[in-house]
*Asks:* 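My structure is below; once you've seen it, I'll send some questions.
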Amino acid sequence: MNKTHLYVLALILAAVGLGLFLYKVLVLNFPLAPGVESYTWNVEAKITFTAADEPVKLTLSIPRTTRRYAITNEAFVSRGYGLLTATEDANRQATWSIRRAQGLQTLYYRAEVVRVRRREVVSPTPAPKLEDPGFDGAELAAAQELVTRIQSRSADNETMAAELLKRLNQPHPGDNVALLLGKQTSVAAKMNLAVRVLALAGAPARVVHGIILKEQKEKLPLVHWLEIYNQKRWQAIDPATGAPGLPGHYLAWWRGAQSMARLTGGTDLRVALSSTRELETAISTAVVRGQIRKPLLLRFSLLSLPIHSQQVYRILLMVPLGGFLLVILRNIIGISTFGTFMPVLIALAFRETQLLWGIVFFSSLVALGLSIRFYLDRLKLLLVPRLAAVLIVVVILMALMSIITNRLGIERGLSVALFPMVILTMTIERMSIVWEERGPYEAIKQGLGSLLAAALAYLVMHNRAVQHLFFIFPELLLVLLAATLLLGRYSGYRLLELLRFKVFLKEGP
Amino acid sequence: MFRLARRLADLGIMGINRRNAEFTLAHNPRRYYPLVDDKLRTKELAVAAGIPVPELYGVVQSEYQVRYLPLWLKDREDFVIKPAHGSGGEGILVIAGRAHTNFRTVAGLLMTPEELNHHVFNILGGLYSLGGQTDAALMEYRVRFDPVFDHICYQGVPDVRIIVFLGVPVMAMLRLPTRASGGKANLHQGAIGVGIDLATGATLKGVSRQGIVSEHPDTGNSIRGLAIPHWETLLTIAARAYELTGLGYLGVDLVLDQDLGPLLLELNARPGLAIQIANAAGLIHRTNLVEQHRQELPTVPDRLAFARRHFGVNP
């Protein structure tokens, strides 16, 4: 085979890979090191109701992209339902409908929410139409009395709203407020009243309903906030104190007096909200935030994938690196391992167990499996049934290990389940054969070689900086391929071979 | 470290990478591998070419045939069972005699017929074959080695490995089983490799896993200066293996039977490198020389003369 051909091919691959890499670094300003990682939130609304065997129509308010949060990936999980989304005033709504449904129905709305901070100036919104507050009789008199008081103590809509909220939240709010509120003292009731009183005073206001994003799997409570139209913009006010601004991590879900979900054709409607967070590199957030220009290159990059797929690729892209490491360990250094890529797979499993526990679990699994394999040897089983038997034993051992370590309170033990059991089985089988054929020394040597290779592969593959580099710049794989091709024609000595042939030098020529 | 590598390169020592990249990959076309990887085909090929091999008693191709094993082996006092696709001498069982219904291995262990069957099942299942594919078990004549090796051999059968490059024998060694190797003639199992002067067929120093040796560790006899009988014939068979298989870089394993003389045991497309240590010489200088003169060496006698002229200890 002509070596020039290989060199040219490797050169082209390396040039393309490095070229793309440099373009992204120098022109597009992609970060070389992993930046501060930010969180992406996965929010979910789970709607359950009992359908009454008649046409069902369910309308759910859903969040929309604001200056604070961008809604990136939405999914509506609803088997057999027709779906319609619409934007209405400040709200978005999803309407599910079906001709006929019966029994318990469960629908999901899921979205990925990314914190954004747009710098652009908030453009003025036209003044909303004031709604009829709907007071009459004694209530009207009480409300007007209240309006006169708060107007006299405020300069604009915002301060007026603050003054009103202060009065509403007093422990003894006075006769007028007591009359208007009646026996209801919930935050929602107070805020609805505040909106009506402000409407009477000629100041448009509305209630915002949302959630505080946090790691909570279920029953995330709704948090109500007040917005007042002030100087041509909507201004958020804390309903408890009257102070301006929204709390941190507040995701507005919908606005107005209506309820979150409205249902016809069913009963027992329940909506449960939850949110979880996922780690994401600063760069993909930056892309969403629009801080980085979106060239064509980016639209076809791994960053355009949904986040959970990104997580998968983050790991997958490390596998070639592990393979490359094995090329070096085997062909340049000369370490022998069981199975060519077995250490890479073991290293992947170490991801969950961490290195130290991984080595402990791996060694004990192999040692236990090996002793049982030696026992099975006495039964004189045929090859494939014997392999299957070892596989079964390995799975049983894994389960036992998880149970025992869990009992002992070692949480890592649970991740033993992620060990590649078929690979473990083959390792045990080959190790036992080497043990018999070439003696324990050779078997243990190769076993330690595999473990060493796995540990090294783990250290390389789970280095955050390396992961970032290959994920953001997958074109580096081409460079890796070029290097692998070149090593494929390396015909020099292996490092351990030098030891083997050292006898030649002792005698001297 | 680099100095060490440089000096080894100066001596012409071949490393595994070099062997794979520049010899087996370059000179051994993949399509010819089955000829040497399948010992049955090697045997057929050799018989067709008139090269003597240990007589084949029978082949077990599939599990159901194992039950006929006792019938086939009824009259055989001694025999060898080996996997057709074995490598590195693994899976070879040498039966030296019988004790009632049981078989006695060359190491003196007794094997019940069930244990023998199990071994055959393992072979058929692919336990010893490359890549684990299903295999066949060969039963053949057990070689009674030439008495010249009696005092330097522990059980087993000593064999002669000759490396043949482009039809020219470039290096040879005698492999002596030891107690450590369990009667097997493989170096990584603990056998001793003894270098051979290609010109005369006389043995040189030996090498074991422990290092350089001059005596056999089990018998205590010197292994140096032994003249291997039938040397010319051994070299001829080795050189002819090139035409037989079309493989440019080949390890030829031969045995000397006390009655039948040299027999071709098996061929190896990826011969090991320890032969260099046994001969205290590198392969590269020799193969380079062959490559330079390959046009001038069309016939087997030419190639043998070339080998004896250039690759002896005192050329």
Side-chain angles (χ1 to χ4, degrees), chain A residues 1-3 6 327-328 330-336 339-340 376-388 425-426 429-430 432-439 441-443 445-446 485-509, chain B residues 1-23 25-26 63 88-91 112 114-115 117-119 121-129 132 134-135 180-182 184 186 188-190 205 207 209 211-212 273-274 276-278 280-282 284:
Chain A
M1 189 63 207
N2 195 348
K3 272 204 171 187
L6 178 75
V327 169
I328 292 177
R330 288 173 69 103
N331 273 28
I332 308 291
I333 297 180
I335 290 176
S336 43
T340 316
L376 285 178
D377 202 43
R378 295 169 55 180
L379 304 180
K380 306 290 176 202
L381 303 176
L382 292 186
L383 181 68
V384 180
R386 185 176 62 221
L387 281 180
T425 306
M426 294 314 290
E429 177 68 19
R430 291 170 88 150
S432 81
I433 287 173
V434 172
W435 190 295
E436 264 180 37
E437 295 273 339
R438 307 196 183 182
Y441 171 76
E442 184 70 22
K445 195 182 89 179
Q446 286 194 29
L485 291 179
L486 288 179
L487 282 182
R489 292 293 294 182
Y490 168 75
S491 61
Y493 297 108
R494 296 177 182 177
L495 214 56
L496 295 179
E497 248 176 3
L498 294 180
L499 285 179
R500 179 186 177 193
F501 290 130
K502 230 161 113 183
V503 281
F504 281 102
L505 300 182
K506 271 193 209 134
E507 303 174 9
Chain B
M1 195 147 57
F2 288 106
R3 257 200 15 237
L4 188 63
R6 173 85 51 82
R7 287 185 61 190
L8 286 177
D10 287 344
L11 289 170
I13 307 300
M14 187 190 291
I16 290 181
N17 290 328
R18 184 111 184 227
R19 182 199 71 187
N20 291 344
E22 290 169 20
F23 291 86
L25 271 174
E63 269 85 359
E90 282 165 22
T112 64
E114 287 74 38
E115 283 170 328
N117 287 355
H118 178 68
H119 185 78
F121 277 132
N122 272 344
I123 290 175
L124 296 180
L127 185 57
Y128 306 105
S129 72
T134 53
D135 203 354
S181 78
K184 288 182 180 138
N186 267 295
H188 63 72
Q189 288 169 332
K205 275 179 302 185
V207 61
R209 275 198 295 215
I212 292 177
L273 300 165
Q276 301 177 105
I277 302 175
I284 298 294

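Lettering follows sequence order; numbering is per chain, from 1.
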*Asks:* If I take atom CZ from residue F501(A) and atom CE from residue M14(B), how far apart are they, to the nearest 0.5 angstrom?
*Replies:* 9.5 Å

*Asks:* Is chain A contacted by the side chain of A26(B), its backbone, both, or neither, given a heavy-atom distance below 4.5 Å?
*Replies:* neither

*Asks:* Name the residue from I16(B), I13(B), N17(B) that meets the side-chain contact (heavy atoms from CB on, under 4.5 Å) definition with Y493(A).
*Replies:* I13(B)

*Asks:* If you measure from CD1 on I284(B) to OG on S491(A), what distance do you get to the nearest 0.5 Å?
*Replies:* 8.5 Å

*Asks:* Which answer fits I433(A), side chain, backbone, both or neither, if we ask what part of it has an atom under 4.5 Å from a heavy atom of chain B?
*Replies:* side chain

*Asks:* Less than 4.5 Å to any heavy atom of chain B: does that hold for the side chain of R500(A), its backbone, both, or neither?
*Replies:* both

*Asks:* Taking side chain as everything from C-beta outward and backbone as N, CA, C, O, which of these in L273(B) sits under 4.5 Å from a heavy atom of chain A? Side chain, backbone, both or neither.
*Replies:* both

*Asks:* NE2 of H118(B) to CZ of R378(A): how many Å apart, nearest 0.5 Å?
*Replies:* 13.0 Å

*Asks:* Less than 4.5 Å to any heavy atom of chain A: does that hold for the side chain of Q276(B), its backbone, both, or neither?
*Replies:* both

*Asks:* Using non-hydrogen atoms and a 4.5 Å limit, figure out which bit of E442(A) sits close to chain B: side chain, backbone, both or neither.
*Replies:* neither

*Asks:* What residue among L498(A), L495(A), L499(A) forms side-chain contact (heavy atoms from CB on, under 4.5 Å) with L4(B)?
*Replies:* L498(A)

*Asks:* Going by the salt bridge (Lys or Arg N to Asp or Glu O under 4.0 Å) test, which pairs reach into residues 10-23 of chain B, not counting sequence neighbours?
*Replies:* R18(B)-E22(B)

*Asks:* Tell me, for A281(B) versus chain A, whether the close heavy atoms (under 4.5 Å) come from the side chain, the backbone, both or neither.
*Replies:* backbone

